[in-house]
Amino acid sequence: MNNILVGNLGPNVTEQDIRPLFAKHGAVRRFKMMTDRWTGLPRGFGFIQMKTDAAAEQAISALNGTDLNGKVLRVDQARPQLHRNVRAKME
């Protein structure tokens, strides 16, 4: 449960903007900003992993709907990634 989806990020938001927000609620293990495969530009969302489930729950409830650089953050529990079979789709 300690994996969190952070959405509606502005194009200029960096890890240095996100980490301190979440660190107020517990230890942050890692943060990954998702980027476009071809352009390298941010896609507007990322994933943050907290050290404990309790810290993740606290961060979600405290930060969902808050403003960051003029955009309202969407913070929610991340769902497990479904493995995709890209080759099967191409055939």
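Here, residue 1 is the first one in the sequence, and each next residue gets the next number.
Met33 and Val28 fall within the same hydrophobic cluster, where Ile, Leu, Val, Met, Phe, Trp and Tyr residues are linked whenever their side-chain heavy atoms come under 4.5 Å apart, directly or through other members.
Counting only residues at least two apart or in different chains, ring pair (Phe, Tyr, Trp, His ring centres under 6.0 Å) contacts with residues 8-27 are absent. Applying the salt bridge (Lys or Arg N to Asp or Glu O under 4.0 Å) definition to pairs two or more places apart or across chains, those involving residues 16-28 are Glu15-Arg19.
Contact annotation: the side chain of Arg29 approaches that of Asn2 to within less than 4.5 Å [non-hydrogen atoms, C-beta and beyond]. Between Ile60 and Ile4 the shortest side-chain heavy-atom distance falls below 4.5 Å. In this structure, Asn69 and Leu9 have side chains that are not in contact, with every pair of non-hydrogen atoms separated by 4.5 Å or more.
Under the rule for a side-chain contact (heavy atoms from CB on, under 4.5 Å), the partners of Leu21 that lie at least two apart in sequence or sit in another chain are Leu63, Leu68, Leu73. Here Asp76 pairs with Arg74 under the side-chain contact (heavy atoms from CB on, under 4.5 Å) rule; sequence neighbours left out.
Shown here for Ala55 and Gly26, the closest heavy-atom pair between the two residues is CB-CA, 3.9 Å.
In this structure, Asn64 contributes its side chain and Val75 its backbone to a donor-acceptor pair below 3.5 Å.
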Give the table of side-chain donor-acceptor pairs shorter than 3.5 Å for residues 38-51, with sequence neighbours excluded, one pair per line with atom names and distance.
unit_1, atom_1, unit_2, atom_2, d
Thr39, OG1, Asp36, OD2, 3.2
Thr39, OG1, Leu41, N, 3.2
Gln49, OE1, Arg30, NE, 2.8
Gln49, OE1, Arg30, NH2, 3.0

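To the nearest 0.5 Å, atom CD of residue Gln77 and atom CG of residue Asp53 are 8.5 Å apart.
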